[in-house]
Novice: 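What follows is a single structure, and I will ask about it in a moment.
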Amino acid sequence: MSVNGEAVRVGPGTGRADEPGWEVDPDDDWALAVVATVGRQLKLRREAVGMRVPEFAVAAGYGEDLVYKIESGKRIPRPEYLDTADEILRAGGLVAAMKEDVRKVRYPKKVRDLAQMEARAVELQLYDPVNLHGLLQTPEYARALFRMRRPRYAEEEIERGVAARVARKAVFDREAAPELSFVQDEWTLRRRLGGLDVVRAQLEHLLTVAQLPNVEIQVMPMDCEEHAGADGGIEVLKFEDGTACGRSPAVAGGRPVTDPRQLRILELRYGIIRAQALTPLESTAFIERLLGET
């Protein structure tokens, strides 16, 4: 059974299967290896205490099918599943300790790779002309965007995407926080995606984030007659060792680039966009006015 895409346990003895969480991406070798190892450990510990799958399923309150899939490495177990298994199998915390390994593979590989790069960056320059940048989105706004995708996403896919997007926000909580610069086109703030309540909460969140000392949010007004970002979004991540990585649809077909010449092009465009946009103070005042109108 699923509520908002979250796996929910069923009562012991009900015999009902529940929504099992997430399937493993068959192209994600590292995730496959981690989940297979966790499943094998769960099976060995279950067998070590002399429990058969039906007995464990009843004790844990999960469907037998889910137990088989997790032990065979076909499903990613949720944290509460591992906590329950640890208690039933008298593992003394060893099974529960695998939650950290599982947490790292909960999200798609491309999201993990991006989050790792963001975690190393000392400066991020980000321009999104289509929607609010993912790092600025509230969970409700992100959920609304995922529900608009066509073909439609299953609810489980939506919640997985929202969780992955929220996980990237750890970049704001780092002890050595990076410098973050965002430029957003005015129209991305005016669109009422998800409804008025979602939009109002999103605008309020922007004002909160804009107060952080390491964050600058600028708005590119729609009446601006010059726009260096007409070719698409820009992302530039700079690292402590002096290297950088960038991406834009207008450079190298949107693939990540590290070549100094291509990076200079991206930084040039981003610098001009920042100069053409409202200043951070003007942008904050603009968002406040827009919030009052919404």
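The model shown is predicted, which means the values in this text are computed figures rather than measured ones. Only this structure's heavy atoms are used, side chains among them; waters, hydrogens and symmetry mates stay out. The residues of the chain are indexed from 1 along the displayed sequence.
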Novice: With side chains defined as the heavy atoms from C-beta onward, is the minimum distance between Val166 and Val162 less than 4.5 Å?
Specialist: yes

Novice: Quick one: hydrophobic cluster around Leu281, which other residues, with the 4.5 Å side-chain cut-off, linked directly or via members?
Specialist: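 Answer for Leu281: none, a lone residue.
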
Novice: With a 4.5 Å limit on heavy-atom distance, are the side chains of Arg149 and Phe146 in contact?
Specialist: yes

Novice: Between Pro129 and Thr188, which heavy-atom pair has the shortest distance, and what is it?
Specialist: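 Looking at all heavy atoms of both residues, the shortest contact is O-CG2, 3.6 Å.
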
Novice: Give a yes or no on whether Ile273 and Leu180 share a hydrophobic cluster (residues Ile, Leu, Val, Met, Phe, Trp, Tyr; joining criterion: side-chain heavy atoms under 4.5 Å apart).
Specialist: no

Novice: Name all residues meeting the side-chain contact (heavy atoms from CB on, under 4.5 Å) criterion together with Leu268; count only those two or more places apart in sequence or in a different chain, and write none if there are none.
Specialist: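 For Leu268, the residues satisfying side-chain contact (heavy atoms from CB on, under 4.5 Å) (neighbours in sequence not counted) are Ile272.
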
Novice: Membership question, hydrophobic clusters at under 4.5 Å side-chain separation (ILVMFWY): are Met51 and Tyr68 in the same one?
Specialist: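 Yes, because Tyr68 and Met51 connect within a single hydrophobic cluster, where side-chain heavy atoms sit under 4.5 Å apart.
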
Novice: What closest approach, in Å, do Gly134 and Arg165 show between heavy atoms, and which atom pair accounts for it?
Specialist: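 Taking Gly134 first and Arg165 second, the nearest heavy atoms are O-CG, 3.6 Å.
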
Novice: Within the 4.5 Å heavy-atom criterion, are Arg120 and Glu240 side-chain neighbours or not?
Specialist: no

Novice: For Arg247, is there any backbone N or O sitting under 3.5 Å from a side-chain donor or acceptor partner on Glu235?
Specialist: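 Judged by distance alone, no pair lies under 3.5 Å.
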
Novice: How close do Leu203 and Ile287 get, counting heavy atoms only, and between which atoms?
Specialist: O-CG2, 3.9 Å

Novice: Any sub-3.5 Å donor-acceptor pair from Gln218's side-chain atoms to Arg274's backbone N or O?
Specialist: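 Yes, because the side chain of Gln218 sits within donor-acceptor range (under 3.5 Å) of the backbone of Arg274.
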
Novice: Flag yes if Val209 and Leu291 sit in one hydrophobic cluster, no otherwise; membership is Ile, Leu, Val, Met, Phe, Trp, Tyr, and two members link when side-chain heavy atoms are under 4.5 Å apart.
Specialist: yes

Novice: Using the ring of each side chain (for Trp, its six-membered ring), is Tyr81 parallel, tilted or perpendicular to Tyr62, with breaks at 30° and 60°?
Specialist: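 Plane angle between 30° and 60°, so tilted.
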
Novice: So how far is it from Tyr153 OH to Ile158 CD1, rounded to the nearest 0.5 Å?
Specialist: 9.0 Å

Novice: Filter on side-chain hydrogen bond (donor to acceptor under 3.5 Å, both in side chains), then keep only pairs touching residues 282-294, sequence neighbours left out; what's left?
Specialist: Thr279-Glu282

Novice: Determine yes or no for a side-chain-to-main-chain donor-acceptor pair under 3.5 angstrom, with Glu123 supplying the side chain and Leu237 the backbone.
Specialist: no

Novice: side-chain contact (heavy atoms from CB on, under 4.5 Å) between Val38 and Ile76: does it pass, once the steps are laid out?
Specialist: CA-CA 9 Å; Val38 171; Ile76 303 174; over 6 Å; no

Novice: Run the salt-bridge test on Glu186 and Arg190 with the 4.0 Å N-O cut-off and return the result as yes or no.
Specialist: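 Judged by the 4.0 Å cut-off on N to carboxylate O distance, Glu186 and Arg190 do form a salt bridge.
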
Novice: Listed by chain and number, what are the side-chain hydrogen bond (donor to acceptor under 3.5 Å, both in side chains) partners of Gln41, not counting sequence neighbours?
Specialist: none

Novice: Start with the C-alpha gap between Val215 and Phe172, add the side-chain angles, then the distance that decides, and say whether side-chain contact (heavy atoms from CB on, under 4.5 Å) holds.
Specialist: CA-CA 9 Å; Val215 175; Phe172 291 104; 3.9 Å; yes

Novice: Which residues pass the salt bridge (charged side-chain N to carboxylate O under 4.0 Å, His left out) test with Glu267, sequence neighbours left out?
Specialist: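 Checked Glu267 against salt bridge (charged side-chain N to carboxylate O under 4.0 Å, His left out); matches are Lys238.
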
Novice: Can you tell me how far CD of Gln262 sits from OG of Ser248, rounded to the nearest 0.5 angstrom?
Specialist: 11.0 Å

Novice: Return the CZ to CZ distance between Arg147 and Arg150, rounded to the nearest 0.5 Å.
Specialist: 11.5 Å

Novice: Can you pull the salt bridge (Lys or Arg N to Asp or Glu O under 4.0 Å) pairs that have at least one residue in residues 42-59, sequence neighbours excluded?
Specialist: Arg46-Glu71

Novice: State, with a plain yes or no, whether a side-chain heavy atom of Leu263 is found less than 4.5 Å away from one of Val251.
Specialist: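 No, too far: nothing below the 4.5 Å cut-off.
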
Novice: Are the side chains of Phe239 and Val122 in touch, meaning some heavy atoms are under 4.5 Å apart?
Specialist: no

Novice: I want to check something: taking the side chain as every heavy atom from C-beta on, are Leu189 and Phe286 in contact at a cut-off of under 4.5 Å?
Specialist: yes

Novice: Determine yes or no for a side-chain-to-main-chain donor-acceptor pair under 3.5 angstrom, with Asn214 supplying the side chain and Pro178 the backbone.
Specialist: yes

Novice: Given 3.5 Å as the limit, does a donor-acceptor pair link the side chain of Arg200 with the main chain of Val198, or not?
Specialist: no

Novice: Would you say that more than 12 heavy atoms from the other residues, nucleotides or ligands in this model lie under 6.0 Å from the CG of Asp197, or not?
Specialist: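 Open: at most 12 neighbouring heavy atoms sit under 6.0 Å from CG of Asp197.
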
Novice: Leu135 versus Leu126: any side-chain heavy-atom pair under 4.5 Å?
Specialist: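 Yes, their side chains come closer than 4.5 Å.
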
Novice: Are any of the side-chain heavy atoms of Gln125 and Glu179 separated by less than 4.5 Å?
Specialist: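 Result no, sub-4.5 Å side-chain heavy-atom pair not found.
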
Novice: Once rounded to the nearest 0.5 Å, what's the spacing between atom CG of Leu193 and atom OH of Tyr141?
Specialist: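 These two atoms lie 4.5 Å from each other.
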
Novice: When clusters are formed by joining ILVMFWY residues with side-chain heavy atoms under 4.5 Å apart, either directly or through shared neighbours, do Val219 and Val183 land in the same one?
Specialist: no

Novice: For the atom pair CG (Leu136) and CG (Asn131), what is the distance rounded to the nearest 0.5 Å?
Specialist: 11.5 Å

Novice: Is it the case that over 12 heavy atoms from other parts of the model lie below 6.0 angstrom from the CZ atom of Arg191?
Specialist: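 Yes, enclosed.
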
Novice: Using a 3.5 Å cut-off and no angle test, enumerate the donor-acceptor pairs between side-chain atoms of residues 225-234 and protein atoms at least two apart in sequence or in another chain.
Specialist:
{"residue": "His227", "atom": "ND1", "partner": "Gly229", "partner atom": "N", "Å": "2.9"}
{"residue": "His227", "atom": "NE2", "partner": "Tyr127", "partner atom": "OH", "Å": "3.2"}
{"residue": "His227", "atom": "NE2", "partner": "Asp185", "partner atom": "OD1", "Å": "3.1"}

Novice: Which residues pass the side-chain contact (heavy atoms from CB on, under 4.5 Å) test with Asp223, sequence neighbours left out?
Specialist: Pro221

Novice: Name all residues meeting the side-chain contact (heavy atoms from CB on, under 4.5 Å) criterion together with Glu100; count only those two or more places apart in sequence or in a different chain, and write none if there are none.
Specialist: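 Listed in chain order: Arg103, Lys104.
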
Novice: How would you list, by chain and number, every residue that makes a side-chain hydrogen bond (donor to acceptor under 3.5 Å, both in side chains) with Lys169, sequence neighbours excluded?
Specialist: none

Novice: Do you know the tightest heavy-atom contact between Arg192 and Leu196?
Specialist: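 Nearest pair, atom of Arg192 first, then Leu196: NH1-CD2, 3.3 Å.
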
Novice: Say whether Val49 and Phe56 are linked into one hydrophobic cluster, either directly or through other cluster members, by side-chain heavy-atom distances under 4.5 angstrom.
Specialist: yes

Novice: Excluding sequence neighbours, so at least two apart, what forms side-chain hydrogen bond (donor to acceptor under 3.5 Å, both in side chains) with Asp86?
Specialist: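 Once residues adjacent in sequence are excluded, Asp86 has no partner under the side-chain hydrogen bond (donor to acceptor under 3.5 Å, both in side chains) criterion.
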
Novice: In residues 87-99, what donor-acceptor pairs under 3.5 Å come from side-chain atoms, sequence neighbours left out?
Specialist:
{"residue": "Lys99", "atom": "NZ", "partner": "Asp83", "partner atom": "OD1", "Å": "3.0"}
{"residue": "Lys99", "atom": "NZ", "partner": "Asp83", "partner atom": "OD2", "Å": "3.3"}

Novice: Which atoms form the tightest heavy-atom contact between Gln202 and Thr138, and what is the distance?
Specialist: OE1-N, 2.9 Å

Novice: Looking at CD1 of Ile70 and CZ of Arg78, how far apart are the two atoms once the value is rounded to the nearest 0.5 Å?
Specialist: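 CZ of Arg78 is found 10.5 Å from CD1 of Ile70.
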
Novice: Using modelled atom types and a 3.5 Å cut-off, is there a donor and acceptor pairing between side-chain atoms of Gln184 and backbone atoms of His133?
Specialist: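 Checked: pair present.
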
